[in-house]
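Order of the sequence lines fixes the chain letters, A, B, ..., with proteins taken first and strands second; residue numbering starts at 1 for each chain. When reading the values below, keep in mind they use all heavy atoms of this one structure, side chains included, and skip hydrogens, waters and symmetry mates.
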Amino acid sequence: MDDEFEQSFDPAVETMHPRVIVHIDIDCFYAQVEMLKNPELRSQPLGIQQKNIVVTCNYVARQFGIKKCMLLAEAKELCPSLVLVKGEDLYDYRQTSAKVTAVLQKFSPLVEKLGFDENFVDVTQLVAEKLQNGFNSSQNMEGHVYSDATERCMCGCYSRLRVGAVIAADMRAQIFEELGLTCCAGIAHNKLLAKLVCGVHKPNQQTTIFPSSVPGLMAGIESIRKIPGIGHRTGEILQSLGICSVSDLQNSSDKSLQQALGHDVVERLRKLSFGQDDSAVKPTGKPQSIGLEDGFRKISLESEVKEKCLLLLQRLMVLLAEDGRIPGAVRVTVRKYNSTNRQSHRESRQCNISPSIFRPNVNGLTPGARQKLLMSIMKLFHKMVNISKPFHLTLLGIAFTKFQERNSGKGSITSFLMNDISVQSVLDLRNVSTSAAEEMECSPAENACQDRSGSESEHEPSPKKTRSDFWRIRRKRSFTESDVDSINKVGVSELRLSSGEQIDRDVFQKLPSVIQEEVMETLVDLPQLTNRLGISESSDSDPGVCPPDVDRAVFRELPPDVQQELVQSWTSTNSSCASKSPQTNICVRTSGQNSILKYVSSTSK
DNA sequence: AAGCCCCAG
DNA sequence: CATTCTGGGGCTT
């Protein structure tokens, strides 16, 4: 309140800076993850490829002038020897991201994720504790200081930020020691400044900014668009009103602005332009919705809609299982083709679904869960599209929402998983075909309490497990005849697989049996679909043939497409693998990627 | 509930 | 399909 008085007096001056915020940004995140998985890449120029672009690259590659989001061709020209790794399977990135966040949560519960590679941490409390305990930071300043901090603010933030810098250094050390990742940190009294200053010294460095340097920092920002919070649209509006530079914004008191954006927004933006940001670090929790959507040229048949929905559903089930919660509602989104309407005009309908769909039936395992779900979905679809008339869709999406609260255990999908005897039997299978070493990384118990804490004790029970072991550890594993038998007991009678790779443990096992069945049923019921997607029956019997970069694709959270492939290979009762020995390994990866390409090119583009 | 906007990555 | 996809937020009806 004092604050407000002061600012109405002079908007450029803040008198109090009570918080300490650290912004952590992992250096070229995807590239680092890939280099952990395959250390040989460290010495080579590495680019992470998505579609036709290099989304990020390591620092070796940057010496060639390669930049983020550069076109593939462009990058190759700059560096013909550029090693490319596909970065479309986000599983490892997501996992690693969660581990980073888990490390940071040891410092404060106030950790806010921004994408996979950034986190805000409010360490005000920890700083206060350290200061109370007589922590002395006046000796040496940890890391860089933005500009030459001259004046000292009298609110006490000078000491606090210095302690913050020490904490940030600690965070970075822990992230490196525990995960092998380097990162940058920005330390400031608010989120905006912490983020802005984070990247001033890169890579693997940290920068602290004190309030006296804030005007300089803000003045040095070329475009207003660089200010987090001013996005595409707002930037355009501001520009259209002649507000281009930060100082333009600082001095703006236009009435037209107020009209265009509203008083509150304008106030917020003006504050931002002075480096002021009251927004709190909002602890990131589980998502409120989990959804997928697919864009395409044209869908005009109901049968195509059904197919799409089944595919989306299949992928969604996996994400859902990984999340561990049970949704209470489903939403369907469509975008109708409209030549005049450049806007992606979307429509959506949602309805509640009985959570029992995701629970076991008294008599065993939900016979028609998928059908029920699909029925609900199609019903929603029909609310938006009258199929008796021609229609043309360019997008279909399905999302689950209204998740049940972290139930005391009952009803939670994971607890169900663990309580279901038949599933237990599947879990137990793992012991048959899994080595002890592998067991350590992911024991059934750990999986059961899917506790987000992620970084738990795990690994290290074994003497020396190198980092590359960490990534290589899950490999080759085969289902045996008895595995198949047991799975049959669970009720997935059509299942026939000779190779599971990580599938069994990492994904299949994680899935509630209901969902396991869902996945199976989907495919069993839709032979034409599986055929269209094509089972590469090639089933390469020599996994060693797989190129290393291909080999790493971890089925687990399956980039749904790969998962699909795998499920197909399980499902194909009469495919070549059935005739082979149960021990035969299928090179899932290779066949998967090929088919994915086929699939993508035939439907998506 | 659903449409509309915005934003970030 | 015109920067795709995913998730979040806010405001309005």
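Side-chain proximity of A:Pro287 to B:dG3, B:dC6, C:dG7: nearest is C:dG7. Checking C:dC5, B:dC4, C:dC1 against every side-chain atom of A:His345, the shortest atom distance belongs to B:dC4. Checked against C:dT6, B:dC7, C:dC5, the side chain of A:Leu292 finds its nearest nucleotide in C:dT6. Of all nucleotides listed (B:dG3, C:dC1, B:dA2), B:dA2 comes nearest to the side chain of A:Gln350.
Comparing A:His232 and A:Ala399 by the nucleotide of DNA chain C that holds the closest heavy atom to each, the one mapping nearer the 5' end is A:His232. Toward the 5' end of DNA chain C, the nearer of the two residues A:Asp264 and A:Gly285, judged by each one's closest nucleotide, is A:Gly285.
Between the side chains of A:Thr333 and A:Glu347, not a single donor N or O lies within less than 3.5 Å of an accepting N or O. Judged purely by distance below 3.5 Å, without hydrogens or angles, the side chains of A:Gln206 and A:Arg172 pair a donor atom with an acceptor atom. No hydrogens or angles considered: a donor-acceptor pair under 3.5 Å links the side chains of A:Lys106 and A:Gln174. Defined by atom type and a distance below 3.5 Å, a donor-acceptor pair is present between the side-chain atoms of A:Asn119 and A:Thr101.
Side-chain N/O atoms of A:Ser348 include none lying less than 4.0 angstrom from OP1 or OP2 on B:dA1. Side-chain nitrogen and oxygen atoms of A:Arg297 include none within less than 4.0 Å of the OP1 or OP2 phosphate oxygen of C:dC1. A sub-4.0 Å separation between OP1 or OP2 of C:dG9 and a side-chain N or O of A:Gln288 is present. Side-chain nitrogen and oxygen atoms of A:Ser289 include none within less than 4.0 Å of the OP1 or OP2 phosphate oxygen of C:dT6. For C:dC1, neither phosphate oxygen OP1 nor OP2 lies less than 4.0 angstrom from any side-chain nitrogen or oxygen of A:Lys336.
Going from the P atom of C:dA2 to that of B:dC5 covers 15 Å, rounded to whole Å.
Taking atom CZ on A:Phe120 and atom C1' on B:dC7, their separation rounds to 13 Å, with Å as the unit. Atom CD1 in A:Ile398 sits about 17 Å away from atom C1' in C:dG7, given to the nearest Å. Residue A:Arg315 contributes atom CZ, which lies 12 Å from atom C1' of C:dT4 at whole-angstrom precision. Between A:Ile230 atom CD1 and B:dA8 atom C1' there is a gap of 14 Å when expressed in whole angstrom units. When the C1' atom of B:dC7 is taken as reference, atom CZ of A:Arg225 falls 9 Å away, rounded to whole Å. For A:Lys383 and B:dA1, the NZ to P distance is 10 Å, given to the nearest whole Å. As rounded to whole Å, 15 Å separates atom P of C:dC1 from atom CG of A:Leu396. Rounded to whole Å, atom C1' of C:dC5 lies 11 Å from atom CZ of A:Arg335.
For A:Glu77, the CD atom sits in a loose shell: 12 or fewer heavy atoms of surrounding residues, nucleotides or ligands are nearer than 6.0 Å.
Across all strands shown, A:Gly397 has no heavy atoms under 4.0 Å from either base or sugar-phosphate atoms. At the heavy-atom level, A:Lys282 lies under 4.0 Å from the strands shown only through sugar-phosphate atoms. Here A:Lys113 lies out of heavy-atom contact (under 4.0 Å) with every strand.
Figure legend: A:Arg94 and A:Tyr91 shown without cation-pi pairing, the cationic atom not lying both under 6.0 angstrom from the six-membered ring centre and within 45 degrees of its axis.
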